[in-house]
Amino acid sequence: MSADAITPVFVRLKLSLLRNGLRQSGGRKAAYIASAVFALLFAALQLIGLIALRGHAHAESVVVLAVAVLGLGWAVMPLFFPSGDETLDPTRLVMLPLRPRPLVRALLTASLVGIGPLFTLCLLVGSVVAVARGGAAFAVGVVAVVLALLVCVALARAVAAANVRLLTSRKGRDLAVLSGLVIAVGAQIVNFGAQRIGASGLGELDPAAGVLQWVPPASAIGAVHAVSEGSYGLAAAQLALTAGALVALLALWSRHLTRLMTSPDGSTLPGAESAAKERSSTGLARLLPLGRTGTVMERSLRYVWRDPKTKAAWVTSLAIGLIVPVFNAWQGTGSVYFACFAAGMLGIQMYNQFGQDTSAFWIVAMTISSARDAYVELRARAYALLLITLPYATLVTVLTTAMLGDWRRLPEALGLSFALLGAMLATGAWTSARFPYSIPQEGYKNVAPGQTGLAWISIFGGMMAAALLCAPVIALTIWLNVSADGEDWTWLLLPAGTAYGAGLTAAGLKLAAPRTARRLPEILAAVSKG
């Protein structure tokens, strides 16, 4: 079947998939319409903003960087949102008598249908208007917009085809859950960049734009600016580079399609040697205490490593806990006390301990018959968290102090971090028993429907209680710093904060244990809801 014959079929298929998806539920339709309106409104405002840049001395740098980031977004979108477009999985077409080249052309055309391509088109048009001067530049701009749009779509399709076996497996779903980390880290980087630009002006973008103007699809916009400056040879080279990238991506996409449609799927068959090695690996267990404490610690640590939702929460907390204090110290606007952010982010992991087990909590519940059993269970989970949190919080605090050169405040910053961590462990143990909620294993939601209020009370209520519990240490820190002779005694805040945090943890576990033992049926019902 020729490409001319199957292309309209694939376009209609894409429209049918969109239409039928919206018919599944009113909530899905409302969410899609709301997201579409928001995306189009943002695209319109962005188009107006780019047009307003016309004539600005650094307009080229802004638009080149914007298009480069847009291309990066298209590259990673299939990895983190594999379920966002059902047509990204070409293995559904393996039984059809289709050749790769016509199939590539049809899928490329169908991929231009959607909110993403329309948003991209608006950004590209605004970028061309911002840098184009003269009829020749606008004529080249039309070609540049088409090439850049096709490069973005082909890039997403090539990445999806190259990783489709991974994306449709358990590991692919794990990778998708980690999209929250990318968003969180990206937000901090954008915030840092915005602060630098606000302080130094758009001229800070020129060096990066000078490099990225040779990277497709940003090179297409660079060609428009080159024509505006009269550098026709440079523009031809940048357009040729963009066109070459498009051809290479289409060839790569076609090759992966051929392999997908002619080779068996062995991506989910683990090797016998690796499976045996995993079964015989007991190195972690040998380092942990004997008895129930060591067993619970090992189970908790394995959740961190293997469970997608738990892994995503930990990795995100580790990244943000480091980025916030370090980036602020790097800018010279931070404080050594910002290092407490690391302990706070990781302390959140103590909240909703039983919800992390989901329906498997019934196995744990069968082993708890008294307050003593509940205490050992909670204590072991706290130990597992401390095994990661204590060295990490210490490392972040030392690193932040070193960047600021304020070594005198290191003991008090560590004391505050340990006190905060102890307070969050205490309140986390109590709220885990008092306000448990379920964490759905599928999809991107972290709270089961109908339990959002419980999650807010558990996390934010617990954090407020932890802040109040830390008030004595905070007050002591302030008093020693404002007192005439107090600075000579600030080193006492390290042992005092450590002892206070340990005492809070012990007290919180003691209070939470009997409540946990009494409320086992309610906890099991709550965490199994999703």
- Message: The test is side-chain contact (heavy atoms from CB on, under 4.5 Å); show your working for R12 and V9 and say whether it passes.
- Response: CA-CA 5 Å; R12 290 196 297 271; V9 175; 3.6 Å; yes
- Residue pair K311, V304: steps toward the side-chain contact (heavy atoms from CB on, under 4.5 Å) verdict: CA-CA 5 Å; K311 183 192 300 183; V304 175; 5.9 Å; no
- Message: Between R157 and S111, is the side chain to side chain donor-acceptor pair (under 3.5 Å) condition met? List the steps.
- Response: CA-CA 9 Å; R157 286 290 181 172; S111 300; 2.6 Å; yes
- Message: Go through it in stages, so that I can follow the logic: the residues are M350 and M424, the test is side-chain contact (heavy atoms from CB on, under 4.5 Å), and I'd like the CA-CA distance, side-chain angles, deciding distance and then a yes or no.
- Response: CA-CA 7 Å; M350 188 64 186; M424 298 195 74; 6.0 Å; no
- List the steps and the verdict of side-chain contact (heavy atoms from CB on, under 4.5 Å) for W74 and V159. CA-CA 9 Å; W74 276 94; V159 171; over 6 Å; no
- Begin from the C-alpha positions of T109 and T7 and carry the test side chain to side chain donor-acceptor pair (under 3.5 Å) through to its verdict. CA-CA 7 Å; T109 305; T7 297; 4.7 Å; no
- Message: I'd like to know whether T310 forms a side chain to side chain donor-acceptor pair (under 3.5 Å) with W305, so could you lay out the CA-CA distance, the side-chain angles of the two residues, the decisive distance to 0.1 Å, and finally the verdict.
- Response: CA-CA 8 Å; T310 306; W305 182 251; over 6 Å; no
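Between Q349 and Q353 the shortest heavy-atom distance is O-NE2, 2.9 Å. In terms of heavy atoms, L124 sits closest to L149 at CD1-N, 3.6 Å. When all heavy atoms are compared, the tightest approach of A137 to V224 is O-CG1, 3.7 Å. Counting all heavy atoms, side chain and backbone alike, L421 lies closest to G347 at CD1-CA, 4.1 Å. In plain terms, the two heavy atoms of V63 and A130 that are nearest each other are CG1-CB, 3.9 Å. The two residues C152 and G71 make their nearest non-hydrogen contact at SG-CA, 4.3 Å.
Classified by interplanar angle (parallel below 30°, tilted 30° to 60°, perpendicular above 60°), the ring pair H56/H58 is tilted.
Between the CG atom in L70 and the CG atom in L65 there is a gap of 12.5 Å [rounded to 0.5 Å]. For the atom pair OH (Y351) and CZ (F460), the distance works out to 11.0 Å, reported to the nearest 0.5 Å. Rounding to the nearest 0.5 Å gives a distance of 9.0 Å between OG of S127 and CG of L53. Atom CG of L155 is separated from atom CH2 of W253 by 11.0 Å, given to the nearest 0.5 angstrom. Separating the CZ atom in F338 from the OG1 atom in T401 is a distance of 13.0 Å, to the nearest 0.5 Å. In this structure, the separation between CD on Q238 and OG on S231 is 9.0 Å, given to the nearest 0.5 Å.
Shown here is R255, whose CZ atom has no more than 12 heavy atoms of other residues, nucleotides or ligands within 6.0 Å.
Residues W314 and L385 form a side-chain contact, since some pair of their non-hydrogen atoms from C-beta on lies under 4.5 Å apart. In this structure, P216 and L241 have side chains that are in contact, with non-hydrogen atoms separated by less than 4.5 Å. Side-chain contact check for V151 versus T242: some heavy-atom pair is nearer than 4.5 Å. Within the 4.5 Å cutoff, side-chain heavy atoms of L301 are placed close to those of I388. In this structure, the side chains of I439 and V527 stay at 4.5 Å or more apart for every pair of heavy atoms. Taking the side chain as every heavy atom from C-beta outward, V396 and F341 never approach each other to under 4.5 Å. A heavy-atom distance below 4.5 Å is found between the side chains of I320 and V324.
With hydrogens and angles ignored, the 3.5 Å screen pairs a side-chain donor or acceptor of S228 with a backbone N or O of V131. Side chain of R133 to main chain of V227: no donor-acceptor pair is present (N/O by atom type, distance under 3.5 Å, no hydrogens or angles). Between the side chain of Y392 and the backbone N or O of L322, at least one donor-acceptor pair lies under 3.5 Å. At distances below 3.5 Å, at least one donor-acceptor pair connects side-chain atoms of K14 with backbone N or O atoms of V113. Side-chain atoms of N352 never come within 3.5 Å of backbone atoms of A455 as a donor-acceptor pair (strictly under, hydrogens ignored).
No side-chain donor from either of Q213 and S219 sits under 3.5 Å from a side-chain acceptor of the other.
Remark: F138 pairs with no residue by the ring-ring contact (aromatic ring centres under 6.0 Å, His included) rule, at least two apart or across chains. Considering only residues two or more places apart in sequence or on other chains, W214 meets the ring-ring contact (aromatic ring centres under 6.0 Å, His included) condition with none of them. T389 pairs by the side-chain hydrogen bond (donor to acceptor under 3.5 Å, both in side chains) definition with nothing, not counting sequence neighbours.
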